[in-house]
Amino acid sequence: MSHKSAKDFFRPLAVGAPMPPREIPARPSRAIHFFDPSNEKMAAKIPGMVGTVDVLLGNLEDAVKADNKVAAREGLIRIGQSTDFGPTQFWTRINSLDSPWVLDDLTALVPAIGDKLDVIMVPKVQGAEDIHYIDRLLAQLEAKAGITRPILVHAILETARGVANIEEICGASPRMQGLSLGPADLAADRKMKTTRVGGGHPGYLVREDPPKGADGTSQIDAPRAIFQQDLWHYTIAKMVDACATHGIYPYYGPFGDIADVVACEDQFRNAFLLGCVGTWSLHPKQIAIANRVFAPSVEDIAHARRVAAAMGDGTGAVMIDGKMEDDASLKQCLVLVALAEQLAEIDPELKAAYDAIEVQA
Ligand code: GLV
Ligand code: MG
């Protein structure tokens, strides 16, 4: 088989389509807030949410009833055409590639609001062939509509085969912007035995060893601490490595227990610590959680600046509060500092909090 030349990878896939991007900019995207454009009450609130959340996403796929698919698509077009999104990114989640709706989604959305759409989220991606299909179709539609900025593509990781093919998906097109975990569909596709949308499960645990009785035998019925484990650790870690390898961005996904803001925050923080840049929000309450969790804390930035000041040219090692810091710990600190600077540009409250930090010697 003769592969496409590396030189051709960055050529448009249709005559007159915009040049594919060489870098995916690191735009703030702590929360991707989902709304149903067929729900008029919800849709009416969207213009007022510009500037309060990093990404507004009009959802056309699951959670929109089959009878409402056309209304959702039309509602999204109306919102896209009539809203000035300012600093807020505007995304959509189209229907899956095996559905009867997706072709109309793309052929209607691109000419109508393709100049406003930053990213198209594609659900249930199985392999590179799904991204190739979208890539070519978008190029044709962009060329036809005279769109000058390429629309980016985000894949949801929610099939076993998608997880197995994660590398080829991330590298399938220069348009690839990132990946989200789709824990609900992924659980079903893998035949996991859960019934939730994201989050943990009390049955997935390890238990402390039993204490020994006086006769040296294990007291298996004695009270023993249990430690709930994270069902999603493997997939998120895999996603983070694949995205970092390909210069694109990993996200957690939906957390369905809207009332449990505590467990939601924990799950989001695990994803942040492992390397994710953001998550989905299914309710305005979750925007606040995501904005807090996916920004470095004031303590982290204070520490990072202290290490940077002490490390001078960035080589060698220093001791700070009894701990060794070196080139590699400085690099971790600089990741946090870069993220803080990027977020401070769009979030005045965060900027004030970071600016108020005094550098400790
Ligand atoms: C999201 O789409 C999921 O299936 O979890
Ligand atoms: Mg899904």
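Start at 1 and go down the list; that is how both ligands and their atoms are numbered.
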Under the side chain to side chain donor-acceptor pair (under 3.5 Å) rule, what pairs show up with a residue in residues 71-80, not counting sequence neighbours? R73-D105
Presence of salt bridge, D98 and K124, under 4.0 angstrom: no
Around R149, counting heavy atoms of other residues, nucleotides and ligands shown, do more than 12 lie under 6.0 Å from its CZ? yes
Are H154 and Y249, when compared by the centres of their aromatic rings, separated by less than 6.0 Å? no
Salt-bridge present (E142, R136; N to O < 4.0 Å): no
Of Y251, F272, Y252, which meets ring-ring contact (aromatic ring centres under 6.0 Å, His included) against F294? F272
Can you tell whether the side chains of K4 and D8 come within less than 4.0 Å, N to carboxylate O? no
Please determine whether a side-chain nitrogen of the Lys or Arg among R30 and D347 lies less than 4.0 Å from a carboxylate oxygen of the Asp or Glu. yes
More than 12 heavy atoms of other residues, nucleotides or ligands under 6.0 Å from NE2 of H132: yes or no? yes
Between ligand 1 and V197, is the shortest N or O to N or O distance under 3.5 Å? no
Of S96, P123, A184, the residue with the heavy atom nearest atom 5 (O) of ligand 1 is A184
Using a heavy-atom cut-off of under 4.0 Å, does the side chain or the backbone of K124 touch ligand 1, or both, or neither? neither
Does K144, at its NZ atom, have more than 12 non-hydrogen atoms belonging to other residues, nucleotides or ligands within less than 6.0 Å? no
Residue P254 vicinity, atoms of ligand 1 by number, heavy atom under 4.0 Å: 1 (C), 5 (O)
The protein heavy atom nearest to atom 1 (C) of ligand 1 is E158 OE1, 3.4 Å
With heavy atoms of D185 as the reference, note each atom of ligand 1 found under 4.0 Å away. 3 (C), 4 (O), 5 (O)
E61-ligand 1 polar pair, N/O distance under 3.5 Å: no
Closer than 2.8 Å to the Mg ion (ligand 2), how many protein N/O/S atoms do you count? 2
How does W280 reach ligand 1, by side chain, by backbone, by both or by neither, if only non-hydrogen atoms under 4.0 Å count? side chain
